[in-house]
Amino acid sequence: MIRFLRHFRYVMSENPVTAGAFFLFFAIVLIALFGPALAPYDPIATSAANALQAPSWAHPFGTDHLGRDMLSRVIVATRLDLGIALAAVALSFFVGSALGCAAGFWGGWTDRIVGRVTDTIMAFPLFVLAMGVVAALGNSVENIIYATAIINLPFYARVARSETSIRRNAGFVQAARLCGCTDVRILATHLFPNILPPMMVQVSLNMGWAILNAAGLSFIGLGVRPPDAEWGIMVAEGATYIVSGEWWMALFPGLALMLAVFCFNLLGDGLRDLVDPQRRT
Amino acid sequence: AAGSDTLVVVTGDGINSLDLHRAGTNRPSYQITVNVYDRLVRFGVKTLEDGSLSYDSTKIVPEVAESWTYSSDRKSITFKLSPKARFWDGSPVTAEDVKWSFDRAVSLGGFAGVQMKAGSMTSPEQFVVVDAQTFRIDLPAPSKLTLPDLAVPVPFIINAKVARKHATKEDPWATEYLHKTPAGSGPFKIARWEPGQQFVYERNDAWALGPKPALRRVIVREVPSAATRRALIERGDADLYMDVPAKDSKELMEGGKVKVSGAPIDNCLHVLGLSVTHKPFDDPRVRQAVAYALPYKDILSAAAYGRGKPMFGAGAKTPATTEWPQAFPYDTDLVKARALLAEAGLAGGFETTLSFNLGLADWQEPTALLIQEALGKIGIKVTLDKIPGANWRTAALVEKRLPMHLENFGGWLNYPDYYFFWAYKHGHLFNSSNYKNEEMEKLVDETLHMEVSDPKYAPNIKRMIAIAFADVPRIPLYQPYLDAALAKNVGGYASWYHRQLDCSTITKA
Amino acid sequence: MPTKLIQIGKRLLQSLPSLFGVVVISFVLTRALPGDPAAYFAGAMADAASIAQVRESLGLDRSWPEQFVLYVGRLLQGDLGMSLGTGVPVMEELLTRLPASLELTFCGLGLAIAVAIPLGVLAATRPGSWIDHLCRVVVTAGVSLPTFFTGLFLIYIFYFLLGWAPSPLGRLDILYLSPERVTGFFLIDSIIAGDAETFWASLRQLVLPAITLGVFAMAPIARMTRAAMLNALSSEYVRSARANGLSRSTILGAYALRNAALPVLTTLGMVFSFLLGANVLVEKVFSWPGIGSYAIQALVASDYAAVQGFVLAMALLFVFVNLLIDVVLTLVDPRVGLDA
Amino acid sequence: MSTHPLLSVDRLSVEFRTRHGVVRALDEVSLTVEKGEVLGVVGESGSGKSVTAYTVLGLLDAAGTAAGGSASFDGMPLTGASEAALRDLRGREISMIFQNPRAALNPIRTVGRQIEDVLVRHSQATRLTAREKAIEMLDKVRIVDPAHRYHAYPFELSGGMCQRVMIAMALACNPRLLIADEPTTGLDVTTQKATMDLIADLTRERNMAVVLITHDLGLAAAYCDRIAVMQKGKVVESAAVADLFRHPSHPYTRKLIAASPGPETDLSDLTAVPDELVDGLVGTAASGEAMVLAGGSEAPAVIAHAPARSDTVLEVVDLVKVFPRRDTGGGWPWRRADPAESEFRAVDGISFRLQRGESLGLVGESGCGKSTTSSIITRLLDPSSGDVILDGENITTHPAARFASLPQRMKIQMVFQDPTDSLDPRYSAQDAIGEPLRRLKGMRDGRKIAARVTQLADMVGLPRELLTRFPHQLSGGQKARVGIARAIAVDPLLLVLDEPTSALDVSVQAVVLQLLDRLKRELGMSYIFVSHDLNVVRLLCERVIVMNRGRIVETGTATEVLRNPQEDYTRTLINAIPHFQPETMT
Ligand SMILES: Nc1ncnc2c1ncn2[C@@H]1O[C@H](COP(=O)(O)OP(=O)(O)OP(=O)(O)O)[C@@H](O)[C@H]1O
Ligand SMILES: Nc1ncnc2c1ncn2[C@@H]1O[C@H](COP(=O)(O)OP(=O)(O)OP(=O)(O)O)[C@@H](O)[C@H]1O
Ligand SMILES: [Mg+2]
Ligand SMILES: [Mg+2]
């Protein structure tokens, strides 16, 4: 553990941008955990008298068209957005990498079938596929997660497949066979941990992408249900108010969204360095 | 933007056909019929108190028909066609054309058939060519609705000679041809149509059934984003923008860069529907409780931005006039609401789902949110459900399976009984609450075709309204406005019950 | 060369299963959409009978397998069906809209390439320096912005506040007539027509949406360029080129960049299809009459034929672009064969 | 004639900035190279040979800086010279060739163009005449059909040909000094010799000075005039070849010489002090003192399995492995290609027997099917036909995919060629050694496993404190030991060793060989030892099989085959191994 912390400090000190991203990440996680306690107002309490107030001391991010406090909504939305991104990425990560590993390891028909399935998904215009899935299944948080997971799946499958097939004849795999490991065990205990570093980069990129995707769905009107606060919806709602001068409604959730995605995207390299044993000493 | 005889219009939804009778033609496409074709008669135009123009539901004026006469039993109407009415190819509009067009309207089915039926016109036998210039409609029973129903966009007159040329065995009504190529006599022609982008009207200089339109070209451009539409009109890149969201129209009005012209839409209400077949809304007390709990004022200010006529807070429990729509005797009163709920045995509240149409989210979403919050105060826990436009019609109107929902029906024909016919009669499309009341059924059937002058008319209408007050399957929120934003130099805009643009009266300085 | 053609043919054959998969999935997906197109298109006042009538006329009263066989049959004859939403055959619609989307995507991609590749090279030649970090932050910020948000803000600032940009009304301002259609690309068509004014007008319309897309596409390209360049620069052949005293420009260009081009090209393929997807939102914001905005409308209206046609067109495009990239790869890299 | 030497390196120190602070890679290195002289630089891995070469050419990483001293070429200072000046020098005056020739060539530029680039850069030719000159150079390095090969890409050439192209490139501008950094490692033994001969011929012809960097003493002895020995960033000794071998003055040199096996060497002649043992044994042996490792110094431990010479452990009958050839035919399913053309017989009818306790060497040049054979024997690969009978049971009846979970798995284990590659980077040494115990022996008790792992570590001489380390934290020799400990953990009957030492330094190789020998005697295992180096094989094996193109060409006792090869193929194989015989040196 101490070694890990030291390693962590090293990775951070080596790259200031990564350090910043990690700092931001922890801040986001904290906000997600304690959001409701931090929010100064009830995020869904409307107040017609307070509608569309510009940012002020009382409402630093202003209020929306129903008089809800934007700061509170932006804070509270963190949990939902992070949740969607994490769940979607976790789902596609596990399913995708399991498929990809199997395809890369056994090759042959497994590979061909997995390859065709991922090709088929990839050949879809991904965002439209997500729209279709949500439209077909109904717009609930779970369905947004499924849709996002489905369109992310091929990326994991591909990375996992290529990383596995590079290693499937590696000495340590042969050695594991000699040690009496079955194929499945080799996949689970030897190959999978070793393909984690390149997958980690994918994970962090996809986290950001998942949030953007959910936001895009909201923009089309297929997002999370109101009155739940979600950055994408808030931007989409706020978007219609930009022209009339109520810029804060779109700007602040947009900034929060951007900051989170930005942070996830930057996290990738750092994460890889953290989990890569070659870099550890 | 452009020269003084060219008008640039921006709109959110594009047209998908130039033929209203065709199955699948969307609502924005009705404006093609309005501008490109003529009808036998049309509604007149009146000036409202604020100076803006509106159609006049009480005045029916000649268009292709120069004059008309009722038979003594009032079961047939005979129209004398104007010799000035000429199709674009120069041929005169004959009774033959009118009959072919009306036959088509009742034969193709779908929306056109339904609308014709409202005027008691259901089969081709009813349409009789007396001579080239004389046309007669026979009715099964006298109806006050027939003549107004001839003024709506549906019974438009097609150049039958041209259309027949393009009819085939499979397609006897030339739907394929007319879908893309109008053949009419109206004040405008379609110069080009790029689906999903724009279409352009061009003036028919030979039109002689009214004052010659001031505009030579009207370019209607599709702009999906409301914010962009607003920006365009504010920046002066567009001349006219119809169906402005309430907030924008309020602000545009205050901004002063453009004119906003609007009027409450006749016979139209934004309502909260409570399905009487879903527990606990089968209990009228629960419905009344909801009606007492709604935050009417907040909805009016935060969802309608003041662009709505209040429909709450009437003093008496029974209507004093036959005016429709009129204020209901409910107001925000949580004490009464709780009492009523307790009376219904639901003091602890209950859970339900409030559905709304994604396509109308601009007013429905804030309204839904306000309702959700307000009902929470009397213990009703509401989950919101956005339903995509394509699904809305099925869920709300066809299957009528939404326990609580936002709805906005407006009757084209401005009679209260016409509204009740569609929205309160059991099994009818807009009766999304599945409301059923024997007395109401009888009253509507009796009154629907009755002349307004009939002595029984007023009492019947009042009774209907009184039932609606008491039973509240539909809780009116407000009567919406139809607002249009106009560049300062644009005049002559009139708002219409069909909510489409009529270009013929518009002028540009 | 004929062997190459055969290989290309084989590649195309290989993509048939996934195309078929796309056809099946898009069919099932559209049927799974909740809306009832018959009810939707029967119109405002339709009753049950007229809905049934519409359903029959649309062929929706048949069973799914039956509908599917009919659909595939028509597909094989090149008939994509009729869009209910716009009332125009899907094929015709796609043919007019695809060039609009492609023109936009190419411009966005071109812009992204023009910025991202030099940035990536710059970062790779100075790894760990502040320039490197700055590049990383800038391109990542770009990809972190939701496209619709970027688009709206650009419109707000450059059109609404400053008035520098033309009105965001699609491909051409109302004042201009679209040039005579040759390729469907306004920029090219206007040049062919020799109409400089229209060319400038359509270029002006393109600027904001292309920037919106380009900003979004920069990150993966710059990232890959940097990684590939770093890889190439630390490779043995660059070291031996240096040991042989080759000049810096030769090493950077002919040795490192050419080799780095391979992974970058592959990434470009991905980015391209990705952008076609992102187009959906940008087109909506800029009223761009492309296939993306078409898809949104069709999906919301449960317009089966249009959704299916759109998806199929995109899938074909995807296959084609990847094939093209593979072919280019074989031209750049002699080691790559076309066999997948 | 100038007074100064062609290249002189004077007390050069180089430092690298790393995450652990500054590392001194070169510590006051001094070298000189005279005109026309061939200087060999030898030393173990990491001793600073390459860094010296890079510093001279100014090719150091950004992380490295010359911390002191100087280098000059023909009187012209190299350290501190401007990049532009160095660029002019490189390739024209001094050029360099590298270890991995294929990687050192731009993969997507034709080799001809790459030679041209150098010629044009140094104004030896214009683009018009360059082509002719490039072809001429290709011809000079004895590439057949140079005009045609001019258009070839590196991947279309064999490793040896790539190295020739590299040489052509390096010599294109007639430099006065050639630095060759392990130019033949990674090449086949036979190709290695041809390449070295070519370099020797060409440089002699042009009277070029050469710095030959290698870790192979034999190679240095065969081709150099003078040798500098490096250790840990220092030049410890520098002398003419004959002097060095006859009277090595530095203990490290002695150690190196002792560790290099020759045709006459005996296993006990190989003496070595592995560094980690010096540390591990708390300096019991002075670092300079050679120490004989091997339990042999004491009485041999009780032999577990008494070798009953008569019974057969393994019988291989007519083993064939056919691989589909990838690059033939259009691949059209209906165009059945000629099987001879579409198939590749990697192993083509191999049969042999192995007695209990015996060890068998499998020798042959790269690609002759050694690894394929051993993979089939260890049941990692299914043969196309033929049987492997282990301990009386035909184990080919079980498909390879399922063999892992059978009890027979324990009887046959393997040590791999590349110790780095064969250890899971995410498993500590302990986990790696413990894995077969867990999986094959079914041991669950963590303490028991730990006890056995410690025992095994002791057995292979792996310091216990290294057990918690991960592969990248271990040296090559230590990794090899982990691999061996893992292989013997389940007491196999037969151990297959696939070139277990080819990735190791000579000194480490000696230690490992001795360790293997001791284990064999202690545990009574049988070995199949795969190698391309007959000298090494001879040390450990009684019997040898020489393979060529998937077939056995010669078999016999090891000494017999080495002394008196019957086949030409065997003879070339033996001749190609560079070795020195101090006795025969003049
Ligand atoms: N870029 C670098 N950063 C840090 N240390 C380095 C770097 N390059 C070399 N070194 C260190 O310099 C020392 C000498 O390395 P060098 O490559 O010269 O060894 P070598 O004698 O050529 O070994 P080999 O036989 O394995 O090629 C090593 O200990 C190595 O760790
Ligand atoms: N999976 C495979 N598919 C096709 N050909 C293969 C495969 N594995 C090995 N070969 C071929 O079989 C031949 C023998 O390979 P093998 O690895 O046994 O050689 P080797 O004698 O061990 O060589 P080295 O000394 O280089 O390790 C080689 O030509 C190789 O290219
Ligand atoms: Mg080296
Ligand atoms: Mg081998």
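Naming convention: chains lettered A, B, ... in sequence-line order (proteins, then strands); numbering from 1 in each chain.
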Using a 4.5 angstrom heavy-atom cutoff, name the option from C:V24, C:L317, C:V311 with the most pairs to chain A. C:V311
Considering only heavy atoms, which portion of C:Y159 lies under 4.5 Å from any heavy atom of chain A: side chain, backbone, both, or neither? neither
Tell me, for C:V137 versus chain A, whether the close heavy atoms (under 4.5 Å) come from the side chain, the backbone, both or neither. both
Taking every non-hydrogen atom, the tightest pair across A:A21 and A:C263: O-SG, 3.3 Å
When only pairs under 4.5 Å are counted, which of C:I296, C:T147, C:L276, C:L19 shares the most heavy-atom pairs with chain A? C:I296
Just so I understand: if I count every heavy-atom pair under 4.5 Å between each of A:N265, A:V235, A:L255 and chain C, which residue has the most? A:N265
Contacting moiety of C:V285, where chain A heavy atoms sit under 4.5 Å: side chain
Between A:R161 and A:D111 (side chain of the first, backbone of the second, donor and acceptor by atom type, cut-off under 3.5 Å), is there such a pair? no
Would you say CH2 of A:W109 has more than 12 non-hydrogen atoms from neighbouring residues, nucleotides or ligands within 6.0 angstrom? no
Check: C:T212 and C:F148 side chains under 4.5 Å, non-hydrogen atoms: no
One option among A:A260, A:G232, A:A250 has the most heavy-atom pairs under 4.5 Å with chain C, and it is A:A250
Ion pair check, A:R158 and A:D119, cut-off under 4.0 Å: yes
Quick check on side-chain contact (heavy atoms from CB on, under 4.5 Å): which of C:T267, C:V271, C:T266 does C:M224 satisfy it with? C:T267
Would you say the ring centroid of C:F272 lies under 6.0 angstrom from that of C:F106? yes
Could you tell me if the side chain of A:Y146 sits less than 4.5 Å from the side chain of A:V141, heavy atoms only? no
Please look at C:R31 and chain A and tell me whether the side chain, the backbone, both or neither of the residue comes under 4.5 angstrom of a heavy atom of that chain. neither
What's the shortest heavy-atom distance between A:A210 and A:N152, and which atoms? CB-ND2, 4.5 Å
Engaged part of A:L251 at the chain C interface, taking heavy atoms whose separation is under 4.5 Å: both
Measure the acute angle between the ring planes of A:F22 and A:F26, then classify it against the limits of 30° and 60° as parallel, tilted or perpendicular. tilted
If we define contacts as heavy-atom pairs under 4.5 Å, which of C:S15, C:G21, C:G292, C:A141 has the most with chain A? C:A141
Identify which of C:L152, C:V143, C:L281 forms the greatest number of heavy-atom pairs closer than 4.5 Å to chain A. C:L281
Is C:L299 close to chain A through its backbone or its side chain, or both, or neither, when contacts mean heavy atoms under 4.5 Å? side chain
Sort C:L312 into side chain, backbone, both or neither according to what part of it lies under 4.5 angstrom from a heavy atom of chain A. neither
Could you look at C:F274 and say if it's the side chain, the backbone, both or neither that has a heavy atom under 4.5 Å from chain A? side chain
Quick one: of A:T118, A:L259, A:V128, who has the most non-hydrogen atom pairs under 4.5 Å with chain C? A:V128
Counting heavy-atom pairs under 4.5 Å with chain C, the top scorer among A:F264, A:F127, A:W247 is A:F127
